[in-house]
**Q** 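Attaching a single structure in structure tokens format; questions to follow.
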Amino acid sequence: MDSTSLAAVTSWCPHAPLQRVSFDWLAGVELAVLRLDLIDPLISGNKWFKLAPHLHAAAQQGARGIISLGGAHSNHLHALAAAGQRFSFPTVGLLRGEPQDTPTVRDLQRFGMQLHWLGYGGYRARHREGFWADWHARYPEFCAVPEGGGGLFGAQGCTTLVELTNEQLAVLGWPDYHGWWLAAGTGTTLAGLVMGEGGRRPVYGALAVPLDHGVPEQVQALLTQAGLANAGYQLIEASRGGFARRDAELLAFMEQCEQDSGLPLEPLYTAKALMALREAISNGLIRPGMRLVFVHTGGLQGRRAALLAGV
Ligand SMILES: *Cc1c(COP(=O)(O)O)cnc(C)c1O
């Protein structure tokens, strides 16, 4: 019917401000933040950049809408549903577990996303052959986007972050910078930065999940696919014991950073990434005089659930 609405996405090039930020623990390291949390009032974070190539491909195929998967706090589904609302294309979300009422889920509904709760077993079946055939039969002309908008497409969407940053360097008065610092979950965004850099400036990924959960292998596979097998990047354990694990020290650090800089953070990714940066500065991996770009990957919508839980 109206593939034109999905096509409208392709002409949107969001702007993310690049801002100087200072913390007392930077100890001579200069930091600028690429504010992906500010690209749009509704659509936020790295999830938009990972989605963009998927949406462009879907538009090109004349798809009518998008179907994807995630959990009850998913930043990915949130960005997708928000984009659907913003550009008037239908979205379907397949959710992990039993029906839950979270701030994220309420937003998804408000944005008009059609939700289906798959249970835990049903969600695990997403890798099974025939899984998508059933959903395609139910939603013909809908394009499926993998969980989190990952894969090579997702990484390619993040290569533009390099340009977005470089065109704003003059505003900071920076002649250049020495590398990137960001939170990594699947490492797709990190891989996109490495691709955008062509292996030039190093990219440091503060890993929000334990190192032995397969992310290094995944990143390597993505970069090999992109022809950049030995490119400059480093993954640093930053999970503090597990994904979504929060402790008092992290929360106090987060609050202090927010007070000192005015930068809004959340505990799963961005606060952990900054804490890992403080550590890297104190152990000498990052040295005084280095200029780094920290990518604020967003995720602030997910913070509401943590606040409700008394965190
Ligand atoms: C998903 C997410 C990440 C991790 O992105 P990957 O591309 O999976 O590494 C980091 N920060 C926030 C806020 C996210 O929502």
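All heavy atoms count here, side chains included; hydrogens, waters and symmetry mates do not. Just follow the structure's listing: the first ligand is 1, and inside any ligand the first atom is 1.
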**Q** I'd like to check whether Thr189 has a polar contact with ligand 1, where a contact means an N/O of the residue lying under 3.5 Å from an N/O of the ligand.
**A**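 N/O-N/O distance below 3.5 Å exists for this pair.
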**Q** Do Asn75 and ligand 1 have an N or O pair less than 3.5 Å apart?
**A**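 Yes: some nitrogen or oxygen of Asn75 is under 3.5 Å from one in ligand 1.
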**Q** Between Arg278 and Glu249 (salt bridge meaning N to carboxylate O under 4.0 Å), is one present in this structure?
**A**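 Answer for the salt bridge query: yes.
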**Q** Is there any side-chain hydrogen bond (donor to acceptor under 3.5 Å, both in side chains) pair reaching into residues 43-55, and which pairs are they, with sequence neighbours excluded?
**A**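 For residues 43-55, and leaving out neighbouring residues, the side-chain hydrogen bond (donor to acceptor under 3.5 Å, both in side chains) pairs sorted by first residue read Asn46-Thr189.
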**Q** Going by atom type alone, with no hydrogens or angles, which donor-acceptor pairs under 3.5 Å involve a side-chain atom of residues 206-215 and a protein atom two or more places apart or on another chain?
**A**
none

**Q** Under a heavy-atom criterion of less than 4.0 Å, does Gly298 contact ligand 1?
**A**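 Gly298: in contact with ligand 1 (<4.0 Å).
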**Q** With backbone taken as N, CA, C and O and side chain as the heavy atoms from C-beta onward, which portion of Asn46 lies under 4.0 Å from ligand 1: side chain, backbone, both, or neither?
**A**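 Side chain only.
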**Q** Is Tyr177 close to Arg201 at the side-chain level, that is, under 4.5 Å between some pair of heavy atoms?
**A**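 Yes, at least one pair of side-chain atoms sits under 4.5 Å.
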**Q** Below the 3.5 angstrom mark, is there an N/O of Glu266, backbone or side chain, next to an N/O of ligand 1?
**A**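 By distance alone, the answer is no.
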**Q** Find the distance between CD (Glu197) and OH (Tyr233) and round it off to the nearest 0.5 Å.
**A**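 Result: 15.0 Å between the selected atoms.
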**Q** Would you check whether Ala183 has a nitrogen or oxygen atom less than 3.5 angstrom from a nitrogen or oxygen atom of ligand 1?
**A**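 No; the residue has no nitrogen or oxygen that sits under 3.5 Å from a nitrogen or oxygen of the ligand.
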**Q** Check whether any N or O atom of Gly185, backbone or side chain, sits under 3.5 Å from an N or O atom of ligand 1, and answer yes or no.
**A**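 For ligand 1, there is an N or O atom that lies under 3.5 Å from one belonging to Gly185.
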